[in-house]
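For reference, the structure discussed in these notes is given below.
Keep in mind it's a predicted model, so treat the numbers as computed, not measured.
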Amino acid sequence: MVLEMNNIKKSFGSLNVLKDISFSVDKGEAVSIIGPSGSGKSTLLRCATFLETIDNGVIRYMDNDIVLPGADGKADYSNKARIRQAKNCFGLVFQQFNLFPHYSVLKNVMDAPLVVQKRNKDEVYEEAMKVLDKMGLKDKADAYPYQLSGGQQQRVAIARALAMNPEILFFDEPTSALDPELTGEVLRVIKQLVDEDWTMVIVTHEMPFAKAVSEKVVFMDRGYIVEQGTPEQVFDDPKMERTKQFISGYQNQNY
């Protein structure tokens with residue numbers, strides 16, 4: 001198992017955003033998290049990637065305990081070394097790309113493997129050029145983010161995540177900032193990674209895409225996991241009335 005999150009609770013002041021969330025991701029599994037805006041999807045990803053701290057619960061990466069309940073019942077985080085080790089397990093692709101504007105495409109991709117992982121520069125360069133080629137961006141290595149389309153910027157962000165050689169990739173609504181034409185461009189890249197058996201968690205509003213590429217779909221609403229299962233179970237034969245209401249509005253598309 002690559003990731004396990006059990007009984008996760010997270011509040012911002014009096015607002016309870018995550019209410020006893022439990023789910024797991026196996027190696028090679030593509031998991032889509034769907035649900036209405038404000039349901040806690042992005043917060044769950046931010047907690048999984050340590051951008052937010054949980055209040056209660058358990059987080060494990062590669063069967064290593066990273067967060068456990070403390071004696072007082074509150075979340076007890078491991079030491080910095082173990083958290084740093086866990087961070088090396090994942091890559092994260094944001095909604096708004098989050099590229100360094102003053103770095104070239106190539107430097108954006110090479111930066112974290114060099115600075116965070118302390119890897120050999122020649123080796124990192126070779127791998128960076130390979131992932132840029134994979135993303136169809138080899139000819140853009142010396143360009144800067146402002147010279148790229150939104151879809152190209154998001155593909156650079158995906159290349160940057162891949163360059164870390166992660167065990168799992170997280171996508172936080174990777175197409176929300178893109179127009180429909182560019183959305184298809186990025187979704188095709190993600191589907192290619194799914195076909196290559198990358199382990200990934202995708203928070204998305206693209207329902208047909210989630211149905212087409214996922215091994216497991218998690219439906220969240222108001223801080224709870226309402227239903228989870230195979231795409232066929234969740235989309236074609238949902239058990240919960242709230243799930244039925246949510247998915248009834250979308251129309252099938254092909255990717």
Short side-chain to backbone donor-acceptor contact, S22 and N6, under 3.5 Å: no
Take S176 and Q95 through the test side chain to side chain donor-acceptor pair (under 3.5 Å) and record every step on the way to the result. CA-CA 6 Å; S176 65; Q95 298 178 34; 3.2 Å; yes
Please confirm whether the backbone N or O of Q228 pairs with a side-chain atom of Q233, one donor and one acceptor, at under 3.5 Å? no
Distance in Å, I8 CD1 paired with E4 CD, rounded so as to fall on 0.5 Å steps: 9.5 Å
I'd like to check M220 versus I21 (side-chain heavy atoms, cut-off strictly below 4.5 Å). Are they in contact? yes
Got more than 12 heavy atoms from elsewhere within 6.0 Å of CG, D142? no
List the atom of G229, the atom of V234, and the distance in Å for their closest heavy-atom pair. N-CG2, 3.6 Å
Short side-chain to backbone donor-acceptor contact, R155 and M135, under 3.5 Å: yes
Looking at K138, I'd like to know if its NZ atom is crowded, meaning that more than 12 non-hydrogen atoms belonging to other residues, nucleotides or ligands lie closer than 6.0 Å. no
State yes or no: do V203 and I168 share one hydrophobic cluster built from I, L, V, M, F, W and Y residues joined by side-chain heavy-atom distances below 4.5 Å, directly or via other members? yes
Please report the interatomic distance CZ(R60) to CE(M5), rounded to the nearest 0.5 Å. 12.0 Å
Atom of G73, atom of N56 and distance for their closest heavy-atom approach: O-ND2, 2.6 Å
Can any side-chain N or O of R82 pair as donor or acceptor with the backbone N or O of D65 at less than 3.5 Å? yes
Atom pair CD1/CG of I158 and L92 - distance to nearest 0.5 Å: 11.5 Å
Under 4.5 Å between side-chain heavy atoms, counting indirect links through other Ile/Leu/Val/Met/Phe/Trp/Tyr residues: same cluster for V201 and F219 or not? no
Identify the two heavy atoms, one from L193 and one from K134, that lie closest to each other, and give their separation to 0.1 Å. CD2-CE, 3.7 Å
Check step by step if side chain to side chain donor-acceptor pair (under 3.5 Å) holds for N165 and E127. CA-CA 10 Å; N165 292 321; E127 289 193 11; 3.2 Å; yes
Would a single hydrophobic cluster contain both I34 and F23, if residues Ile, Leu, Val, Met, Phe, Trp and Tyr are joined by side-chain heavy-atom contacts under 4.5 Å? no
Using side-chain heavy atoms (C-beta onward) and a distance below 4.5 Å, is T230 in contact with E215? no
Do V25 and V67 share a hydrophobic cluster (ILVMFWY, side-chain heavy atoms under 4.5 Å, transitive)? yes
Following the transitive rule for hydrophobic clusters with a side-chain heavy-atom cut-off under 4.5 Å over Ile, Leu, Val, Met, Phe, Trp and Tyr, establish whether L137 and V124 coincide in one cluster. yes
Which heavy-atom pair separates S78 from I83 by the least distance, and what is that distance? O-CD1, 3.3 Å
For a 4.5 angstrom cut-off between non-hydrogen side-chain atoms, does T49 reach D172? no
Flag if over 12 foreign heavy atoms under 6.0 Å of NZ, K74: no
Working for side chain to side chain contact (heavy atoms under 4.5 Å, CB included), residues K121 and L114: CA-CA 7 Å; K121 187 174 181 179; L114 290 175; 4.1 Å; yes
Does CE belonging to M240 count more than 12 external heavy atoms closer than 6.0 Å? no
Can any side-chain N or O of S39 pair as donor or acceptor with the backbone N or O of D221 at less than 3.5 Å? no
Rounded distance [0.5 Å steps], CG in D111 versus CD in Q117: 11.0 Å
Do L99 and Y144 come within less than 4.5 Å of each other through their side chains, counting heavy atoms only? no
Taking the six-membered ring for Trp, are Y61 and F90 parallel (under 30°), tilted (30 to 60°) or perpendicular (over 60°)? tilted
L18 versus C47: any side-chain heavy-atom pair under 4.5 Å? yes
Minimum side-chain heavy-atom gap I54-Y77 below 4.5 Å: yes
Counting N and O atoms only, with roles assigned by atom type, does the side chain of K41 sit under 3.5 Å from a partner on the main chain of G35, one being a donor and the other an acceptor? yes
Please determine which of L187, I190, L182, I202 meets the side-chain contact (heavy atoms from CB on, under 4.5 Å) test together with T175. L187
Can any side-chain N or O of D133 pair as donor or acceptor with the backbone N or O of M129 at less than 3.5 Å? no
In terms of side-chain geometry, is the basic nitrogen of K239 or D237 positioned less than 4.0 Å from the acidic oxygen of its partner? yes
Audit row: E227, T243, side chain to side chain donor-acceptor pair (under 3.5 Å) steps and yes/no: CA-CA 7 Å; E227 193 161 354; T243 316; 2.7 Å; yes
Assess the residue pair I33 and T204 against the criterion (side chain to side chain contact (heavy atoms under 4.5 Å, CB included)); give the C-alpha distance rounded to whole Å, side-chain angles, the decisive distance to 0.1 Å, and a yes or no. CA-CA 6 Å; I33 303 179; T204 182; over 6 Å; no
Does K27 come within less than 4.0 Å of E167, counting only side-chain N to carboxylate O? yes
Could you walk me through whether E126 and K130 pass the side chain to side chain contact (heavy atoms under 4.5 Å, CB included) check? CA-CA 6 Å; E126 186 176 334; K130 282 182 181 177; 3.8 Å; yes
Hydrogens and angles aside, do N16 and S11 bring a side-chain donor and acceptor to less than 3.5 Å of each other? yes
Is there side-chain contact between V17 and F12, with at least one heavy-atom pair below 4.5 Å? yes
Which heavy atom of M62 sits nearest to which heavy atom of C89, and what is that distance? CG-SG, 3.9 Å
Does V217 offer a backbone N or O that forms a donor-acceptor pair with the side chain of S214 under 3.5 Å? no
Run the side chain to side chain contact (heavy atoms under 4.5 Å, CB included) test on V109 and V131 for me, step by step, so that the C-alpha distance in whole Å, both residues' side-chain angles and the decisive distance to 0.1 Å come before the verdict. CA-CA 9 Å; V109 175; V131 294; 4.0 Å; yes
May I ask you to decide if the ring planes of Y103 and F100 are parallel, tilted or perpendicular, using 30° and 60° as cut-offs? tilted
The reported gap from CD in Q152 to CG in L178 (rounded to nearest 0.5 angstrom) is 11.0 Å
Tell me the closest heavy-atom pair linking M207 and F235, and the distance in Å. O-CZ, 3.8 Å
Is there a donor-acceptor contact under 3.5 Å from the side chain of Q154 to the main chain of F94? yes
Give, for atom CD of Q147 and atom NZ of K140, the distance between the pair rounded to the nearest 0.5 Å. 8.0 Å
Quick check: does any side chain N or O of K216 sit under 3.5 Å from a backbone N or O of S24, one acting as donor and the other as acceptor? yes
Side chains of Y125 and L106: does their closest heavy-atom pair fall under 4.5 Å? yes
